[in-house]
Amino acid sequence: MAGTPYGKSMAQAAVAAAQAAAAKSVDRVYNFNPGPAVLPLPVLEEAQRNLLALPGVGMSILEISHRSKSFDEIMAGAEADLRGLLNIPENYKVAFLQGGASLQFTMVPMNLLPKDGAADYIVSGHWSQAAVKEAKKVGKVNIAGSTEAENFVRLPRQEELKLDPKAAYAHFTSNNTIYGTEWFGEPEVGSVPLVCDASSDILSRALDITKYALLYAGAQKNMGPAGVTTVIIRDDLLARVPAGLPAMLDYKLQVEKKSVYNTPPVFAIYIERLVLQWLRQLGGLGEMERRNKEKADMLYAAIDASGGFYRGTAEKGCRSRMNVTFRLPSEALEEKFVKEAAAQKLSGLKGHRSVGGLRASMFNAFPREGVQALVAFMKDFQQKNG
Ligand SMILES: Cc1ncc(COP(=O)(O)O)c(C=O)c1O
């Protein structure tokens with residue numbers, strides 16, 4: 001075999017190149033992105049190990065049939081772990097759908113908002129506004145509360161809500177990914193079915209699922225990769241689904257067909273299954289909450305101790321554990337901060353384009369060490385620029 005310029009055989013060169021690529025791939029940065037976001041390293045490693053052939057199957061997860069026994073087991077495992085983690089009772093169904101949380105903005109009213117009814121929407125940020133926009137295309141919407149006039153720096157307070165006891169449902173967004181505010185309890189809506197977009201804080205802490213009639217979340221922040229959206233829906237809501245909906249948008253049909261009416265996002269569901277397993281093995285949502293609180297407390301403490309150099313944008317009582325939003329004294333300094341942080345492997349800290357500033361997203365899989373590194377960087381940056 002002809003030698004390479006380095007005197008190695010082609011085979012040796014290929015092995016060396018593969019090793020170099022592998023080494024590079026583990027040179028990971030701290031990923032503060034708001035979604036798609038950081039995934040647990042053990043999950044990525046297991047997916048990598050099994051990518052060519054699932055143990056006992058001999059085919060890649062990317063190649064297997066969604067109607068095979070192996071995939072049935074993956075789906076069943078994902079559902080069982082989700083049920084275990086959230087304590088989901090029998091009278092709730094779980095579906096793994098496509099179209100992102102954004103399609104749920106449409107599916108919820110299509111399935112649950114009757115022509116002669118109205119739904120309450122609590123507006124606490126960009127994504128609840130987006131949900132309202134889509135629901136209005138389907139039926140009548142009542143804005144039960146909004147903090148838009150205050151730039152969404154806080155959540156609407158219970159006493160401010162103008163809820164309709166006859167509403168078809170009441171919708172809220174449990175974590176406002178862009179504004180960095182989060183509900184740590186549910187709004188009280190009486191006997192009206194509560195619907196929640198939990199895309200950016202699902203599984204970050206324990207919750208009482210029986211307070212919800214429907215909860216949905218895109219996976220790509222706390223639960224897996226983009227491509228699968230998990231929907232948890234109480235039985236009695238399925239009875240309301242009108243006849244004649246487009247098949248893909250019909251909760252009843254999707255539940256009856258166990259999320260395989262058509263080809264589901266097999267790979268995304270597989271990764272979600274691994275993430276759920278990881279969560280269960282590390283101790284479940286109590287442990288996850290402890291870790292998330294510790295990380296958020298550390299970062300907010302650094303912001304609050306900076307003498308005003310760093311300024312949290314959310315009101316203190318509403319601060320999110322998932323997305324910490326803050327500002328610096330000037331936009332020029334913010335730009336410099338993002339650039340210099342990235343050079344130190346602190347990636348994805350730029351705030352959403354609609355609000356500017358900084359945002360550190362610290363979902364379930366984000367490691368404590370990454371927050372410590374950010375806090376150290378912040379102190380150093382302030383010393384040099386304050
Ligand atoms: C709270 C919330 N809801 C909905 C969405 C939209 O999700 P998707 O891109 O899955 O449609 C996002 C995206 O960031 C979000 O943060």
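Each ligand, and each atom within it, is numbered from 1 in the order the structure gives.
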Novice: Is a side-chain donor-acceptor pair under 3.5 Å present for Glu46 with Tyr270?
Specialist: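 Looking only at side-chain atoms, Glu46 and Tyr270 do not form any donor-acceptor pair under 3.5 Å.
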
Novice: Can you list the atoms of ligand 1 that are under 4.0 Å from a heavy atom of Asn175?
Specialist: 1 (C)

Novice: Quick one: do the Asn175 and Ser320 side chains pair a donor with an acceptor below 3.5 Å?
Specialist: yes

Novice: To which protein heavy atom is atom 14 (O) of ligand 1 closest, and what is the distance rounded to 0.1 Å?
Specialist: Lys221 NZ, 2.7 Å

Novice: Does ligand 1 have an atom that lies less than 4.0 angstrom from a heavy atom of Ser200?
Specialist: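 Yes, that is the case, since the closest heavy atom of the residue is under 4.0 Å from the ligand.
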
Novice: Note the single closest protein heavy atom to atom 3 (N) of ligand 1, along with its residue, its atom name and the distance in Å.
Specialist: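 The closest heavy atom on the protein side is Asp197 OD2, 2.6 Å.
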
Novice: Tell me which protein heavy atom sits closest to atom 7 (O) of ligand 1, plus the residue, atom name and distance to 0.1 Å.
Specialist: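 Minimum-distance protein heavy atom for atom 7 (O) of ligand 1 reads Ala101 CB, 3.6 Å.
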
Novice: Less than 4.0 angstrom from a charged side-chain N to a carboxylate O is my criterion; do Glu335 and Lys339 meet it?
Specialist: no

Novice: What protein heavy atom sits nearest atom 1 (C) of ligand 1, and how far away is it?
Specialist: Thr177 OG1, 3.4 Å

Novice: Is the closest side-chain heavy-atom distance between Leu274 and Trp278 below 4.5 Å?
Specialist: no

Novice: What part of Phe105 sits under 4.0 Å from ligand 1 if we count only heavy atoms: the side chain, the backbone, both or neither?
Specialist: side chain

Novice: Please classify the Thr229 to ligand 1 contact at 4.0 Å (heavy-atom distances, strictly less than): side chain, backbone, both or neither.
Specialist: neither

Novice: Between CZ of Arg368 and CE of Met298, what distance do you get to the nearest 0.5 Å?
Specialist: 4.5 Å

Novice: To check your reading of the model: name the closest protein heavy atom to atom 11 (O) of ligand 1, its residue, and the distance in Å.
Specialist: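 Of every protein heavy atom, Ser102 OG, 2.6 Å lies nearest to atom 11 (O) of ligand 1.
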
Novice: What residue and heavy atom of the protein are closest to atom 9 (O) of ligand 1, and at what distance?
Specialist: Gln220 NE2, 3.6 Å

Novice: Between Glu45 and Arg49, does any NZ, NE, NH1 or NH2 come within less than 4.0 Å of an OD or OE carboxylate oxygen?
Specialist: no

Novice: Hydrogens and angles aside, do Ser361 and Asn323 bring a side-chain donor and acceptor to less than 3.5 Å of each other?
Specialist: yes

Novice: Give the atom numbers and elements of ligand 1 that come within less than 4.0 Å of a heavy atom of Gly100.
Specialist: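 Taking each heavy atom of Gly100 in turn, ligand 1 has 10 (O), 11 (O) under 4.0 Å.
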
Novice: Please round to the nearest 0.5 Å and tell me the distance separating atom CZ of Arg319 and atom CZ of Arg321.
Specialist: 13.0 Å

Novice: Distance to 0.1 Å, residue and atom name: give those for the protein heavy atom nearest to atom 12 (C) of ligand 1.
Specialist: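 I find the closest protein heavy atom is Trp127 CE2, 3.3 Å.
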
